[in-house]
S.K.: 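If you scroll down you'll find the structure; I have some questions about it.
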Amino acid sequence: LRCALASTPFLDHTKMAPTRHFVHAWGRNRRAFNRMLNEVIKRDNFVCARKTRSEKGHCIITSPVIQKREFTPFNYYKKVMTRRRTKEPLESRTAAILKMEFDLLEPNERRTYELGAEAELQRAQHLPEQIQDAFRKLKGSITWHALEAYLSTHGIPIVSK
């Protein structure tokens, strides 16, 4: 609401003039909309700023913290179940159901997913060097498909088909 109102050139914030466009768009009456607008103005004086991310400048390729967070046994289990679901017609499962199923796995089954997650983590740790190697060998002239093919030959699947 703040950003939408602050960025509209036709809205005079001092007179609360033509708000009918917003009233119509959000399906509110004018009095309710003006009350919401006044609350927003009082609360933070129309400051419209984006939140800053704590991981700014980091990605899954370069940050070991993000890699450890993403390559977990449960995430690997979800990936395997999603691939299986596309191959076989299974019922739709929510994340909560998958978590419950994962928690009920036998220890030896769970170990296979732990090993799969560890293998993905090890592959991800060497990914920057593999990408740099691909750029060096192909002299910087590389398409996404060529990069995917190069990394796939080194055991790093990028796009699952």
Side-chain angles (χ1 to χ4, degrees), residues 1-8 22 25-28 32-33 36-37 39-161:
L1 177 66
R2 288 176 285 183
C3 294
L5 294 175
S7 64
T8 54
F22 290 109
W26 286 323
R28 298 287 185 133
F33 180 79
M36 287 185 342
L37 181 62
E39 288 173 10
V40 168
I41 291 171
K42 286 177 190 174
R43 185 176 38 213
D44 53 10
N45 202 18
F46 260 162
V47 174
C48 185
R50 294 185 68 171
K51 294 180 182 178
T52 56
R53 290 180 42 204
S54 61
E55 301 164 343
K56 182 179 176 184
H58 301 283
C59 67
I60 197 164
I61 294 173
T62 59
S63 174
V65 174
I66 298 174
Q67 290 173 352
K68 287 179 184 174
R69 186 183 68 218
E70 291 299 318
F71 296 118
T72 62
F74 175 61
N75 285 345
Y76 187 74
Y77 174 76
K78 285 195 304 187
K79 183 193 294 185
V80 169
M81 289 297 121
T82 302
R83 285 183 183 161
R84 189 176 296 160
R85 190 178 322 136
T86 58
K87 292 178 183 174
E88 304 169 4
L90 295 175
E91 69 278 356
S92 178
R93 296 181 182 152
T94 62
I97 292 173
L98 286 172
K99 179 67 174 160
M100 188 176 64
E101 289 175 357
F102 181 74
D103 290 339
L104 295 174
L105 287 176
E106 297 291 323
N108 58 352
E109 274 186 284
R110 184 181 288 235
R111 182 70 182 146
T112 59
Y113 296 112
E114 289 172 359
L115 292 173
E118 288 174 16
E120 281 191 341
L121 179 61
Q122 288 176 352
R123 277 187 252 140
Q125 290 171 345
H126 299 292
L127 192 58
E129 293 87 23
Q130 295 285 344
I131 292 173
Q132 288 174 356
D133 187 41
F135 276 104
R136 266 190 239 110
K137 284 187 178 179
L138 299 171
K139 297 184 171 106
S141 177
I142 188 168
T143 64
W144 285 109
H145 293 294
L147 182 62
E148 175 198 354
Y150 181 82
L151 294 174
S152 294
T153 59
H154 289 81
I156 303 172
I158 302 299
V159 178
S160 55
K161 297 177 182 174

S.K.: Applying salt bridge (charged side-chain N to carboxylate O under 4.0 Å, His left out), name anything that partners Glu114, two or more places apart in sequence or on another chain.
M.R.: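 Counting only residues at least two positions away or on another chain, Glu114 forms a salt bridge (charged side-chain N to carboxylate O under 4.0 Å, His left out) with Arg111.
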S.K.: For residues 62-83, which residue pairs qualify under ring-ring contact (aromatic ring centres under 6.0 Å, His included), counting only residues two or more places apart or in two chains?
M.R.: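 Found Phe74-Phe102, Tyr77-Phe102, Tyr77-Tyr113.
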S.K.: With sequence neighbours left out, what residues match Asn108 under side-chain contact (heavy atoms from CB on, under 4.5 Å)?
M.R.: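 Asn108 satisfies side-chain contact (heavy atoms from CB on, under 4.5 Å) with Glu106 once adjacent residues are dropped.
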S.K.: Glu101 and side chain to side chain contact (heavy atoms under 4.5 Å, CB included): which single residue from Leu104, Ile97, Leu105 fits?
M.R.: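 Passing option: Ile97.
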S.K.: Do you know the tightest heavy-atom contact between Ala117 and Pro73?
M.R.: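 Result for this residue pair: CB-N, 3.6 Å.
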S.K.: Mind checking side-chain contact (heavy atoms from CB on, under 4.5 Å) for Ser63 and listing every partner two or more places apart, or none if nothing turns up?
M.R.: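 Expected list: His58, Val65, Ile66.
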S.K.: Any side-chain heavy atom of Arg110 within less than 4.5 Å of one from Asp103?
M.R.: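 Arg110 vs Asp103: side chains touch.
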S.K.: Please round to the nearest 0.5 Å and tell me the distance separating atom CG of Leu127 and atom CD of Gln132.
M.R.: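 Answer rounded to 0.5 Å: 10.0 Å.
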S.K.: I need the minimum non-hydrogen distance between Gln67 and Ile61, along with the two atoms involved.
M.R.: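 Smallest interatomic distance, heavy atoms only, reads NE2-O, 3.2 Å.
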S.K.: Supply the atom-to-atom distance Thr82 OG1 to Leu98 CG, rounded to the nearest 0.5 angstrom.
M.R.: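 It comes to 7.0 Å.
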S.K.: Give, for atom CG of Leu147 and atom CD of Gln130, the distance between the pair rounded to the nearest 0.5 Å.
M.R.: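 If we round to the nearest 0.5 Å, Leu147:CG and Gln130:CD are 10.0 Å apart.
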S.K.: Taking side-chain contact (heavy atoms from CB on, under 4.5 Å) as the definition, give me every residue that meets it alongside Ala146, ordered by chain and number, with sequence neighbours left out.
M.R.: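 Ala146 satisfies side-chain contact (heavy atoms from CB on, under 4.5 Å) with Ile142, Thr143 only.
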S.K.: Please list, chain by chain and in numerical order, all residues satisfying salt bridge (charged side-chain N to carboxylate O under 4.0 Å, His left out) with Lys68, sequence neighbours excluded.
M.R.: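 None.
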S.K.: A side-chain contact here means heavy atoms from C-beta on lying under 4.5 Å apart; do Asp133 and Lys137 qualify?
M.R.: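 When only atoms from C-beta onward are counted, Lys137 and Asp133 do touch, with a gap below 4.5 Å.
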S.K.: Going from CD1 on Ile131 to CD on Glu129, what distance comes out if it is rounded to the nearest 0.5 angstrom?
M.R.: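 Between atom CD1 of Ile131 and atom CD of Glu129 there are 9.5 Å.
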